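Just so it is clear, the values below take in all heavy atoms, side chains as well, and ignore hydrogens, waters and symmetry mates. These numbers were taken from a predicted model, which means no experiment stands behind them. Letters go in sequence order (proteins before strands), and every chain restarts at 1.
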There are 2 protein chains.
Amino acid sequence: MQGRSLSQEDASPGLVSAAIQAITQHIRTEGLGPGDLLPSEADMTRRLNVSRTVVREALRSLSAMRLIDMSAGRRASVAKLDISAMSMVIEHGVTTEQISVQQVYDVRRTIEMRTVALAALRRTDAEAAEIADRARLMRENCKKPEIVMEHDIAFHEAIAKASHNPVFALIVNAFSGVTRRTWVIGWRTRASEAEQLKMIEGHQEIARAIGAGDPRRAAEHMAEHFDKSVKALIDAGIA
Amino acid sequence: MQGRSLSQEDASPGLVSAAIQAITQHIRTEGLGPGDLLPSEADMTRRLNVSRTVVREALRSLSAMRLIDMSAGRRASVAKLDISAMSMVIEHGVTTEQISVQQVYDVRRTIEMRTVALAALRRTDAEAAEIADRARLMRENCKKPEIVMEHDIAFHEAIAKASHNPVFALIVNAFSGVTRRTWVIGWRTRASEAEQLKMIEGHQEIARAIGAGDPRRAAEHMAEHFDKSVKALIDAGIA
DNA sequence: TGTGTAGAACCTATCATACAGGTTTGTCGT
DNA sequence: ACGACAAACCTGTATGATAGGTTCTACACA
């Protein structure tokens, strides 16, 4: 007893892929939004006429891509937008040497030149304050690289958020993982303490420009920041 | 008999998450590259001291993110970079109305302004030819929207590829899915045939600029193209 | 009438086992 | 040396069982 059914397209081979299709389509056709519940596994098992194993692997796949949330005892639900999956993809690309760190920086530069300009135009006061705070905290902790790094990453994420375009925020977030793995290298390369401070001041300049609502100046400082960061990485021998 | 083992961090709850961690870490520590084989499921079952169900769900998750390739009878292998997972995330965001089409276009514009400039600088002759070909094919099939669309998408992907930065290619690819869902709307909005032709000519201009190795002109035409596309979408009532 | 608490009902997480079918590999006959 | 066949190994899917988490209901008690 394992009659093929699965409504339609068995394009990609395997029942699991078909189940994934069916589930995403269900979300689409039912117009489900974040938080809405999906049918239970047993239910899907009946509807799709496959074993629970298949249903579970399909759900697990969706969960891996963060399209749905799963937790014990509760039915799966549609997830809020979250691209940490992409973060894994990028990290994977870097660790398997299919992507270079420099290439990541080029993309980041491209995107953040835009987010910073948008942020300068659209930031709320609270967002401007958050951004300025991160820059300040970087300076205050300038002796502790780990902490500076976390604030640095949060700084860039806050700017992306202030751009008010979630797609930008998503992408910037996706790069945080890689950044965490390479940040220290760039930091160490800045030989003198003065140079490290200058880098932090660059962040403060950016924060000020955003606060002043000056997109051009913000973008210029961001560009400068990236140029120096890339230079630091190259000096460190990361091609 | 199900002693907890799994080396370390059970941070995210669930054995599956832990298994995912273990597998990605295995890839990292063994320095595996694309095509290299992972241990068999049975092997992992023993090593991680969990059931095969868990191992399979972990593998399936990685497979969903396209970090590994799975196929019947063969062991899983490390995958070549492929971000079609992100495509699903973006589509999910759009269908659940967490992202607007316009926001996607803003991101595309930002990125493609860069890819087109890089392409003009770094394209090989073959790549330039491919890009020009796509533009030509768009014109030749201008009566068949479906075909124009496919060549349009391929056009943009070819440019991204010619930028010689795989991360850009990845991201542009990620947007192809959404584009496929909205492209026709923009096309229909261009009322007259003349307007449709003008849009296609815009692509040819871009192709020419890339062929001529002129990044500035290429970027200008790309900007114009996006501005018009967004306008078309807005006219169509897609906020 | 209001409330809270113990179950019942429902669900997911994980395990064990089984079998069908695809891949790989080595062996044996020619 | 070569090619076909078989064994060994692996994955895909199904089934059934148990443990433990969630939610809702109904009943006892205030």
Side-chain angles (χ1 to χ4, degrees), chain A residues 1-7 9-23 26-27 32 35-79, chain B residues 1-7 9-23 26-27 32 35-79:
Chain A
M1 179 286 233
Q2 58 240 39
R4 192 72 17 129
S5 111
L6 262 317
S7 57
E9 54 187 310
D10 257 78
S12 31
L15 301 185
V16 176
S17 304
I20 291 175
Q21 285 291 112
I23 297 169
H26 175 85
I27 293 175
L32 300 186
D36 292 342
L37 295 180
L38 269 54
S40 75
E41 297 179 358
D43 194 2
M44 293 185 187
T45 294
R46 277 188 298 276
R47 280 203 238 183
L48 304 180
N49 194 32
V50 294
S51 76
R52 191 168 156 237
T53 307
V54 171
V55 172
R56 268 197 71 73
E57 288 192 13
L59 287 174
R60 187 60 83 167
S61 293
L62 267 348
S63 168
M65 291 184 279
R66 306 301 184 100
L67 301 195
I68 65 175
D69 289 324
M70 298 173 74
S71 70
R74 255 203 316 262
R75 279 189 287 163
S77 62
V78 176
Chain B
M1 178 288 231
Q2 59 243 38
R4 192 69 21 124
S5 108
L6 263 315
S7 58
E9 55 185 311
D10 258 75
S12 32
L15 300 185
V16 176
S17 303
I20 291 175
Q21 284 292 112
I23 296 169
H26 174 86
I27 293 175
L32 300 186
D36 292 343
L37 295 180
L38 268 54
S40 75
E41 296 179 359
D43 194 1
M44 293 185 188
T45 294
R46 277 188 298 275
R47 280 202 240 184
L48 303 180
N49 194 31
V50 294
S51 77
R52 191 171 153 228
T53 305
V54 171
V55 170
R56 268 197 71 75
E57 287 191 13
L59 287 174
R60 187 61 83 169
S61 294
L62 267 349
S63 168
M65 290 184 281
R66 306 301 184 100
L67 302 194
I68 64 175
D69 289 323
M70 298 174 75
S71 69
R74 255 202 316 262
R75 279 189 286 163
S77 62
V78 176

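- A/Leu15 places none of its side-chain heavy atoms less than 4.5 Å from the side chain of A/Leu48.
- Distances from the side chain of B/Thr53 to the nucleotides D/dT13, C/dG22, C/dC15 place C/dC15 closest.
- Nearest nucleotide to the side chain of A/Arg75, out of D/dT11, C/dT14, C/dT12: C/dT12.
- Here the side chains of B/Met44 and B/Leu38 are in contact, with some heavy-atom distance below 4.5 Å.
- If you check every strand for non-hydrogen atoms under 4.0 Å, B/Ser40 touches sugar and phosphate atoms only.
- Neither OP1 nor OP2 of C/dA18 sits under 4.0 Å from any side-chain N or O of B/Arg52.
- Residue A/Ser61 comes nearest to B/Arg60 through the heavy atom pair OG-CG, 3.2 Å, listed as atom of the first residue, atom of the second, then distance.
- Of the candidates D/dT13, C/dT12, C/dC15, the closest approach to any side-chain atom of B/Arg56 belongs to D/dT13.
- Proximity note for A/Val16 (side chain, C-beta onward) versus C/dA13, C/dT14, D/dT13: the nearest is D/dT13.
- Comparing atom distances between the B/Leu15 side chain and each of C/dA13, D/dT13, C/dT14 picks out C/dT14 as nearest.
- Rounded to an integer number of Å, the gap from A/Arg74 CZ to D/dT23 C1' is 10 Å.
- Rounded to whole Å, atom P of D/dT11 lies 8 Å from atom CE of B/Met70.
- In plain terms, the two heavy atoms of B/Arg47 and B/Pro39 that are nearest each other are NH2-CG, 3.1 Å.
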